[in-house]
Amino acid sequence: MTAIRANYDAARLRRLDAAHHIHPFSNATQVVAEGGGRLFAHADGIYIYDVENKRYLDGMAGLWCVNVGYGREELVEAAARQMREFPYYSSFFGGTTPPTVELAAKLVELLGHGLNHILFANSGSEANDTVVRLVRHFWNLEGKPKKKAFISRRFAYHGSTMASASLGNWGTMHEQADLPLPGFHHVGAPYWYAESGDRDPEAFGIACAQAIEAKILELGAENVAAVIGEPVQGAGGVIVPPKSYWPAVEKICRKHDVLLVADEVICGFGRTGSWFGFETLGFTPDIVTMAKGLSSGYQPISAVAVSDRVAKPLLEAGYWLHGFTYSGHPVAAAVALKNIEIIERENLVGKVAKETGPYFAQRLKTLEQNPIVGEVRTMGLLGGIELVADKKTRRRFDPLGHAGTVCRERCLANGLIMRASFETMVLSPPLTITKAQIDELVTLAGRALDETAAELLKR
């Protein structure tokens, strides 16, 4: 599909942006002071263009989500066709639409492992918020009303509603809204590079899993409802756990009758080289949340998959008093179905596993030659580049976050979108990226890192 290019009055739009639009997860003061935000206007493949027609290689696939790349005419046609036929109907009160039902069945087919029931929402935040309601209701129905506590990890990100932000562990988010809510607890993350010292990675993974068990015992298993985690912690800095970690966590959850929730909002739909991250990391959850790659970001949609065990009491209890006006929206569902069809037809999951993922890991690893790169870590088409002031001691730059901000701006100046997560630069390119485009990405990243090192080390 050729990108449609409109002529925009950029100066006017930036004035309006500064005057009226509060950007999420942005420095509002800075956006206003600079007279508005950066205006992106069109896209094609793995590239996006601003209103001045400057091209950027989108190393983040939007926000971890444009798995099939930009400009997919099939997705446009799927949305238009559904809009013409039946643009909206609610899933409340037992009603639904054909694409909603077809999508639920397709997700069950992809998931396997007895995850046979689907609830829909509109974002990853809503999906994880739904999990809190669902799990607490489940334990009430099971006659164990004290099981209310959730255990998550440091550096976790599970969304920005009151409940999903409480599941997460971002201090500034908590400070701004007096969070976390009661009943949400956090333990250490399996962040080997930053927190392991000199320990063997697999032993460290077991120790991190044991920290979850210690928290269960501290709270009392009779009070713990669920453990939730991203297979690979994305927004926290692409924290790839040791192989020993997730199987040990699953074993602990089964031992103490605690539900295990996999937040697949980032990892799902091929990102890790399997359809879902829990397959790549070797564990089976009771509940899976998904969004982003479900529609490749072309429509807002998310889903929660639950096992037969979790669904059974819910289906037998009568009314389930939860949902959203747009849950299972027919247009979003139709686009998601076509998106999954594209991923299957083009074997994007297999390509990530066997071709582009290994090549991405190999090429990104070369950036460790840079004097401020302490570690490069990857899984599939997820990448993290840890920035440090001292490689030997793993000491970070001060103040925390400054190096990432400098590097992010140098990336943009060089035509690359790479996100800063604290002191880690993170990457999540479209699954359609080619080896030649990976080479281009690494060249641009290397240039930005060289410029960042020159600026930070001159002090």
Cationic tip of Arg394 above Trp192 ring, under 6.0 Å, 45° of axis: yes
Check: Thr96 main-chain N/O paired with Thr100 side-chain donor or acceptor under 3.5 Å: no
Flag side-chain contact, heavy atom, 4.5 Å: Pro429 against Phe360: yes
Electrostatic pair Glu386-Arg396, nearest N-O below 4.0 angstrom: yes
Sole residue of Asn67, Thr432, Asn339 in side-chain hydrogen bond (donor to acceptor under 3.5 Å, both in side chains) with Ser296: Asn339
Side-chain donor-acceptor contact under 3.5 Å, Thr424 with Ser421: no
Asp17 side-chain N/O to Gly37 backbone N/O, donor-acceptor pair under 3.5 Å: yes
Ser327 versus Ser91, closest heavy-atom pair with distance: O-OG, 3.2 Å
Heavy atoms of other groups near Tyr89 OH, more than 12 under 6.0 Å: no
Donor-acceptor pair, side chain of Glu230 and main chain of Gly234, under 3.5 angstrom: yes
Within 6.0 angstrom of Arg84 CZ, more than 12 heavy atoms from elsewhere: no
Lys/Arg-Asp/Glu bridge criterion (N-O < 4.0 Å) met for Glu77, Arg81: no
Pairwise side-chain contact, Val265 with Tyr157, heavy-atom cut-off 4.5 Å (strictly under): no
Residue Leu400 excluded, over 12 heavy atoms near CG under 6.0 Å: yes
Greater than 12 external heavy atoms within 6.0 Å of Phe184's CZ: yes
Minimum side-chain heavy-atom gap Arg271-Val352 below 4.5 Å: no
Min side-chain heavy-atom separation Asp58-Tyr47 under 4.5 Å: no
Closest non-hydrogen atom pair, Ala121 against Ala127: CB-N, 4.2 Å
Val68 and Leu75: CA distance, side-chain angles, deciding distance, side chain to side chain contact (heavy atoms under 4.5 Å, CB included) verdict: CA-CA 10 Å; Val68 300; Leu75 299 185; 4.0 Å; yes
His137/Trp320 under side chain to side chain contact (heavy atoms under 4.5 Å, CB included): CA gap, chis, key distance, verdict: CA-CA 9 Å; His137 183 46; Trp320 165 234; 3.7 Å; yes
Any side-chain heavy-atom pair of Ile151 and Val187 under 4.5 Å: yes
Min side-chain heavy-atom separation Leu281-Phe278 under 4.5 Å: no
Student check: side-chain heavy atoms of Arg408 and Met418 closer than 4.5 Å: no
Residues Leu412, Arg38; criterion side chain to side chain contact (heavy atoms under 4.5 Å, CB included); working and verdict: CA-CA 10 Å; Leu412 287 167; Arg38 186 174 283 103; 3.3 Å; yes
CD/Glu202: more than 12 non-hydrogen atoms of other groups inside 6.0 Å: yes
Main-chain N/O of Asn128 paired with Ser164 side-chain donor or acceptor, under 3.5 Å: no
Donor + acceptor pair across side chains of His329, Asn122 (<3.5 Å): no
From CA spacing to verdict: side chain to side chain contact (heavy atoms under 4.5 Å, CB included), Leu382, Trp64: CA-CA 9 Å; Leu382 285 169; Trp64 319 86; 3.6 Å; yes
Residues Arg254, Glu250: salt bridge by 4.0 Å N-O rule: yes
Output field: ring centroids Tyr245/Phe204 closer than 6.0 Å: no
Aromatic ring pairing Phe422/Trp170, orientation class (parallel under 30°, perpendicular over 60°, tilted between): tilted
Donor-acceptor contact below 3.5 Å, side chain Tyr298 vs main chain Arg72: yes
From Leu219 atom CG to His256 atom NE2, the distance as rounded to the nearest 0.5 Å: 11.5 Å
His322 and Phe324: CA distance, side-chain angles, deciding distance, ring-ring contact (aromatic ring centres under 6.0 Å, His included) verdict: CA-CA 7 Å; His322 179 77; Phe324 306 95; 5.2 Å; yes
Full working for ring-ring contact (aromatic ring centres under 6.0 Å, His included) between Phe269 and Phe276: CA-CA 6 Å; Phe269 302 95; Phe276 295 96; 5.3 Å; yes
Ala420 to Thr405 - nearest heavy-atom pair and separation: CB-N, 4.3 Å
Donor + acceptor pair across side chains of Glu279, Ser274 (<3.5 Å): no
Parallel, tilted or perpendicular: ring planes of His174 versus His186, cut at 30 and 60 degrees: tilted
N/O donor-acceptor pair under 3.5 Å between Arg14 side chain and Gly36 backbone: yes
Lys106/Glu344 salt bridge by N-O under 4.0 Å criterion: yes
Polar side chain donor-acceptor pair, Lys148 to Asn140, under 3.5 angstrom: yes
Donor-acceptor contact below 3.5 Å, side chain Gln233 vs main chain Pro241: no
Side-chain (Arg199) to main-chain (Ser196) donor-acceptor, under 3.5 angstrom: yes
For the student: nearest non-hydrogen atoms of Ser125 and Ser160, plus distance: OG-N, 2.9 Å
Side-chain donor-acceptor pair present, Ser152, His185, cut-off under 3.5 Å: no
4.5 Å side-chain heavy-atom contact, Pro313 and Glu142: yes
NZ/NE/NH1/NH2 to OD/OE distance under 4.0 Å, Lys255 and Glu213: yes
Glu423 versus Gly404, closest heavy-atom pair with distance: OE1-N, 3.5 Å
Main-chain N/O of Pro24 paired to Ser26 side chain as donor or acceptor, under 3.5 Å: yes
Over-ring placement of Lys144 relative to Trp139, 6.0 Å and 45° cut-offs: no
Non-hydrogen atoms of Ala332 and Pro300 that approach each other most closely: CB-O, 3.7 Å
